[in-house]
Protein chains: 2
Amino acid sequence: MSWSIAEVARDSGVTARTLRHYHAIGLLVPERIAANGRRYYASQQLLRLQRILLLRELGLGLDAIADVLARQDNQSTVEVLERHKAWLLREQQRLGRLVRTVESTIENVRSGGEMAPEKVFEGFEHNPYEAEARERWGDAVVDAGYERMRNWSGTDAEKARTGYGRVHERLAVLKAEGAEVHDLSVQEMIQLHYEVTSLFWTPTAEAYRGLGQLYVDDARFTEAINADPTVATYLRDAMNVYADEHLSD
Amino acid sequence: MSWSIAEVARDSGVTARTLRHYHAIGLLVPERIAANGRRYYASQQLLRLQRILLLRELGLGLDAIADVLARQDNQSTVEVLERHKAWLLREQQRLGRLVRTVESTIENVRSGGEMAPEKVFEGFEHNPYEAEARERWGDAVVDAGYERMRNWSGTDAEKARTGYGRVHERLAVLKAEGAEVHDLSVQEMIQLHYEVTSLFWTPTAEAYRGLGQLYVDDARFTEAINADPTVATYLRDAMNVYADEHLSD
DNA sequence: ACTTGAAGCTGCCGCAACGGCAGCCTCTAT
DNA sequence: ATAGAGGCTGCCGTTGCGGCAGCTTCAAGT
C-alpha cells in the first residue's frame, strides 16, 4: 500500500509543498520515487511523519527532530526534550521581561513623550523621568530625592538649574580638544556632575554607572545634553571612570 | 559635525553591517553620502538610531519601528506598543503551553516509549497512555476507569482484549471496500468501539472526538491499529460522525 | 484518439535581520 | 611609494516553508 503526495497531505494535514520540503532536506524520504519523478509514501513514512509532526508541535526545529528520530534510544530523546524545555522556559522569561519593559515604556510615552528637551533637567517631580528612575533605582531613592529637594537652599536650586548645563558644555569642548575621559580636567567636571546629582539623591557606584548608561540609551537625555550626541557616550565613559575611582560598590 | 560609519558603530554598539542594512531598507538614511560612496551621519541620525535601538530592544520588528518613528504623535506610538505587548503576552502563553506539553511528552517517553505496539490496548493501568489520558481528560475520568475495570466480568475482559482488534480489522476492510464513514456498516463497528471504550470510562461527545484525534496524532496508537495508518484518520472521522449522531455535548 | 482538468514535478524568489565572506577602492601616514 | 585601515558593493546562508511559473503526466470523458 502506498500513497501519493496529495493523499498523504490530506491525511496528515500538511501541504504537499511541506512534504517536498521534508524530502529536499532529507527529513522524510518517500518510500519510492516513480520513473516519472512522483513520490509515493508507504505506511512506514506515514508513521515517521506523524512523529515529525508531534515533535514539530512541541516547537522543535527540523534538525532537532531529525536528531531525535535518528538516535532511537529514549535516553537521548529525553535529553533533547529537556534541553528544549529549558530553552522554552528561558524564552518565556525573556518575553516576560520584555512585557514589563514595554509597559514602562508605554507609561513613559504617555506621561512625558511630549516634553520639550530643554526642560529635561528641571527636577524630578512630575517629571517623565520619574517613572524611569523608579524603574531603575526603586521608589525609596526617588522619594528620598524629593525629600532632599524640599530642603534645598537658594544656591542649591541655582546649582541644580545650571550645573548640568555647564558640565555638558565643558565636556563637549574637552572632547573636541581630544581630552581622554580619565584626564583631570574631565574628571573635575564629573565631580561637579556628581555633586549636582547628589542634590537629588546619593547614587551608589552601580547607580551612577546606570545613570551614565541611561544618558546613552535614552534619546531625550541625549538630545538635552548637546547638539553632539556622542558626548553622551563620552560622559558615560567618564562617569564610569569616576565611579571606579571615587565610589564604592 | 558628522561621523563615519565606524564611529557611529562604535558609539552605538551596533555593527557597520547593521547600519548599512538600515540604510538599505530606508530605516536610517545617512545625512550625506560622499562622492566616493561613504556614509556620513549627523547628530539627527544618531538620535534616530538611538530611538530605533530602544524600540528594537522592546522586540519590535524593523517595519513596526519605522512605523512608530514615521507618525510622530504619541497616541499611535502607544497603540503600537500596546499591540506589541498583547502579542508578547500571547507568545508567552503559547510557550507556557508548549512547556507543559513537552513535560508530558517527556513523561510519556520515559515511562512507555519502549512499549511494544501489540500491548497498546491491554488496559489503562501502568500503561504509558495513562499520562496521556490524565492530560486529556483529567484525573477523575482515569481513576473512575480503574474503578470500573475492577468490576469487570469475564466477558467484559474478553471484550476489552479483542474488541478493539476486531473493530480495527473490520474498519480496514470496509475502508478498502470504499465504505463512507457514515455508512451503517461502519457506524455499527463504531458502536462496538464505543461500547468497548465504555468499559473503561464513559466519554462525552467531546472526549470521544478527542480520542479519535489521538489515534491520528499519536504514532503508537496508529501503529497498533493496523498496517495502514490511514485507517486512523478513517476511524477518527467515523467516530466524529458517531459522536454527532449519538452523543450529546 | 483527442482533449481537458487535476495533479505532479523542478526551480526560483521572498520573508527577518542581519553575519560573513570576496573582491575592489580609498584614505592617511610614513 | 607603499602599507594598513577602513569603506564599498554584491552575494550566499540562516528557518520553514508559501507562492509562483513553466512544464509533464495521468485519468477520464467525448
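Residue numbers start from 1 in every chain, and the chains themselves are labelled A, B, ... in the order their sequence lines are given, proteins ahead of strands. Values below: all heavy atoms of this structure, side chains included; hydrogens, waters and symmetry mates excluded.
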Residues in contact with DNA chain C, drawn from residues 10-22 of chain B - heavy-atom cutoff 4.0 Å: B/T15, B/R17, B/T18, B/H21, B/Y22

Beyond-backbone contact of B/S2 with B/Y41, side-chain heavy atoms, under 4.5 angstrom: no

Residues that B/Y242 engages under ring pair (Phe, Tyr, Trp, His ring centres under 6.0 Å), provided they are two or more places apart: B/Y194, B/Y208, B/H246

The first and last nucleotides of DNA chain D lying within contact of chain B, meaning any atom under 4.0 Å from one of its heavy atoms, run from D/dG6 to D/dC11

For residues 75-85 of chain B, pull every pair meeting salt bridge (charged side-chain N to carboxylate O under 4.0 Å, His left out), keeping only residues two or more places apart or in separate chains. A/E103-B/K85, A/R110-B/E82

Work out which heavy atom in A/I5 is nearest to a heavy atom in A/A16; give both atom names and the distance. CD1-O, 3.7 Å

Student check: side-chain heavy atoms of A/T233 and A/R236 closer than 4.5 Å: yes

What side-chain donor-acceptor pairs closer than 3.5 Å can you find for residues 19-38 of chain B, not counting sequence neighbours?
{"from": "B/Y22", "atom 1": "OH", "to": "B/R56", "atom 2": "NH1", "distance (Å)": "3.3"}
{"from": "B/H23", "atom 1": "ND1", "to": "B/R39", "atom 2": "NE", "distance (Å)": "2.9"}
{"from": "B/N36", "atom 1": "OD1", "to": "B/R38", "atom 2": "N", "distance (Å)": "3.0"}

For B/D237 and B/Y234, indicate whether the former's side chain and the latter's backbone hold a donor-acceptor pair under 3.5 Å. no

Checking B/R94 now: which residues fulfil salt bridge (charged side-chain N to carboxylate O under 4.0 Å, His left out) with it, not counting sequence neighbours? B/E91

Would you say A/V68 and A/I65 make side-chain contact, with heavy atoms under 4.5 Å? no

Bend of the helix from C/dA1-D/dT30 to C/dT30-D/dA1 from end-axis comparison, five pairs per end, nearest 10°, comes to 40°

With a 4.5 Å limit on heavy-atom distance, are the side chains of B/V14 and B/V8 in contact? no

What N/O pairs connect the protein and nucleotides 1-4 of chain C at under 3.5 Å? Give each pair on its own line.
none

Do B/R51 and B/L69 have side-chain heavy atoms sitting under 4.5 Å apart? yes

Residue whose closest nucleotide on DNA chain D lies nearer the 5' end, A/L60 versus B/I5: B/I5

Residues that B/D244 engages under salt bridge (charged side-chain N to carboxylate O under 4.0 Å, His left out), provided they are two or more places apart: B/R209

With sequence neighbours excluded, what pairs up with A/R71 under the salt bridge (charged side-chain N to carboxylate O under 4.0 Å, His left out) test? A/D67

Here the pair of heavy atoms bringing A/H84 nearest to A/L58 is NE2-O, 2.7 Å

Per the under-4.0 Å heavy-atom filter, residues of residues 25-42 of chain A near DNA chain D come out as A/N36, A/R38

Report the residues that fulfil side chain to side chain donor-acceptor pair (under 3.5 Å) with A/T18, sequence neighbours left out, ordered by chain and then residue number. A/T15

